[in-house]
There are 2 protein chains.
Amino acid sequence: MSSQNSSPSTEKNAKAPSRSRGLKRVSALLDGASAVFAEAGYEAATMTQIAARAGASIGSLYQFFPTKEHVAAALHGRHLDALAGMLDSLAGEVRGQPVEAAVDALFARFVAYLEENPAFLAVGERRSLDPAVKKEARARLRGRIAALLVAVEPPIAEARVASLAAVTLHLIRVAALLRADDDEGVRAPAIAELRTMLKRHLAGQGG
Amino acid sequence: MSSQNSSPSTEKNAKAPSRSRGLKRVSALLDGASAVFAEAGYEAATMTQIAARAGASIGSLYQFFPTKEHVAAALHGRHLDALAGMLDSLAGEVRGQPVEAAVDALFARFVAYLEENPAFLAVGERRSLDPAVKKEARARLRGRIAALLVAVEPPIAEARVASLAAVTLHLIRVAALLRADDDEGVRAPAIAELRTMLKRHLAGQGG
DNA sequence: TACAAACATGAGGAAATCCTCATATAAAGG
DNA sequence: CCTTTATATGAGGATTTCCTCATGTTTGTA
């Protein structure tokens with residue numbers, strides 16, 4: 001269940017690329033969309049801007065993405081895939097380590113990813129995003145975080161993993177939302193505080 | 001320095017009402033804008049919707065607010081005035097009380113205000129808001145919170161008040177950002193945790 | 001090479017939105 | 001009552017944006 005399935009509710013003629021040229025073009029279009037969404041936000045971004053930024057014509061854009069919503073959905077799915085992969089590899093790296101080290105690594109990677117990919121917040125936290133999609137996305141990330149929490153030593157108690165994974169994702173999201181537009185002097189200490197808070201919350205939850 | 005001074009940078013012919021009828025109309029227009037911004041968000045809200053919601057013609061709206069940005073700025077200022085007044089009266093109520101009680105009251109009032117006035121987040125946290133305005137708004141609220149912190153017993157040390165007021169506002173903003181669109185099951189405990197965190201942070205900071 | 005299907009292109013239709021303006025009405029002062 | 005100024009109104013111009021479509025080009029394949 002990857003990105004190609006997270007399409008908007010109203011399915012128009014969303015054609016998937018089959019030739020290699022089409023695959024490259026779709027990738028370039030998503031790169032262009034990523035840049036434009038990051039700079040202007042979802043609402044202010046225009047299809048013409050996205051096509052131009054990708055070096056494509058407006059017609060090419062509409063060939064693969066019949067709607068701006070489709071573009072955002074595809075980009076969102078692509079980011080979720082990347083984040084899920086990142087969490088998977090992280091789970092391997094922190095296996096057997098104390099939970100504090102895992103939290104540090106988790107925060108560092110997540111915050112870095114969002115710094116480098118501001119478009120993810122632009123499409124993932126916008127008002128117009130379908131709540132069902134939002135919910136599913138969070139569930140997916142929660143699952144990966146839960147896997148990470150049972151890999152540490154001592155592992156988090158099985159019965160508490162789901163709830164603690166939710167709290168963890170929650171705090172990371174908060175840090176991410178602060179990231180967006182805050183005074184430089186406040187942001188870093190705030191993120192550090194949230195990280196500390198999470199450690200305190202997870203410490204002593206071993207099973 | 002109240003709301004009438006927080007106008008957008010490009011000053012067009014922003015006429016202020018002088019007669020009582022005009023004052024009422026401006027108030028109604030801001031009420032309409034508040035409803036529309038809360039439901040649709042700033043970007044998706046249209047001037048026609050705002051005028052209709054206020055029971056006014058589109059021409060009347062443009063008579064007082066030459067731009068949608070002007071509407072948002074005026075509404076933002078109005079909310080800031082209300083919040084400042086709320087904090088002032090709260091400072092009186094918690095005078096002489098322990099800091100924990102003050103924090104509880106502060107969170108309760110602030111969260112309640114934002115629940116009842118979702119338009120404030122819609123105009124105050126949007127991308128297109130001028131950073132200078134945002135900064136000034138936060139400075140204003142920080143000042144009121146600082147006044148509140150020196151009113152408790154024992155009072156917060158003078159030298160630390162500014163920094164602690166910043167942390168306080170910060171955590172309240174985090175709680176507010178969670179408020180917007182989160183799963184009901186996670187929101188309330190998260191806010192409670194943030195409140196606890198703030199108490200722990202402020203405890204023992206007396207002068 | 002020749003054919004079919006995928007892909008590319010940009011002018012322009014349709015619709016939405018911002019905002020203006022000429023005209024009309026209400027209110028305040030003399 | 002009459003003048004002046006503030007306020008009210010909504011049709012419509014100007015612009016922007018989404019999206020379509022007819023036509024042309026490239027790619028894979030037999």
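The chains referred to below are lettered A, B, ... by the order of the sequence lines, with proteins before strands, and numbering in each begins at 1.
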- Item | Salt bridge B/Arg78-B/Asp31, side-chain N to carboxylate O under 4.0 Å | yes
- Item | pair B/Pro155-B/Leu149: side-chain heavy atoms closer than 4.5 Å | no
- Query: Taking N and O atoms by type only, does the side chain of A/Arg19 place a donor or acceptor under 3.5 Å from a partner on the base of D/dT26?
  - Reply: no
- C/dA26 C1' sits how many Å from B/Arg25 CZ, rounded? 12 Å
- Item | Lys/Arg-Asp/Glu bridge criterion (N-O < 4.0 Å) met for B/Arg195, B/Glu100 | no
- Item | Spacing of A/Phe65 atom CZ relative to D/dT20 atom P, expressed in whole Å | 15 Å
- Task: Please work out if B/Ser20 contacts a base, only the sugar-phosphate, or nothing of the nucleic acid, heavy-atom cut-off 4.0 Å.
- Result: nothing
- Rounded to whole Å, the CZ-P distance (B/Arg21 to D/dT9) equals 9 Å
- Item | Ionic contact status for A/Arg173 with A/Glu125, cut-off 4.0 Å | yes
- Query: What nucleic acid atoms does B/Ala44 come within less than 4.0 Å of, heavy atoms only: base, sugar-phosphate, or nothing?
  - Reply: nothing
- Message: For a quick check of understanding: with a heavy-atom distance under 4.0 Å over all strands, which category does B/Ala45 fall into, base, sugar-phosphate or nothing?
- Response: sugar-phosphate
- Item | Whole-Å gap separating P (C/dG12) and CD1 (A/Ile58) | 16 Å
- Query: Base, sugar-phosphate alone, or nothing: which one does A/Ser18 contact when heavy atoms must sit under 4.0 Å apart?
  - Reply: sugar-phosphate
- So what does B/Gly59 touch, heavy atoms closer than 4.0 Å: a base, only the sugar-phosphate, or nothing? base
- Item | Protein-nucleotide distance (A/Glu43, atom CD; C/dT17, atom P), rounded to Å | 12 Å
- Query: In whole angstroms, how far is the C1' atom of C/dC18 from the NE2 atom of B/His70?
  - Reply: 14 Å
- Task: Tell me what B/Ser60 touches on the nucleic acid: a base, only sugar-phosphate, or nothing, going by heavy atoms under 4.0 Å.
- Result: base
- State yes or no: are the ring centers of A/His70 and A/Phe65 separated by less than 6.0 Å? no
- Whole-Å distance between C/dA22 C1' and B/Gln63 CD? 13 Å
- Item | Euclidean distance, atom CE of residue B/Met47 to atom P of D/dG10 [Å, nearest integer] | 16 Å
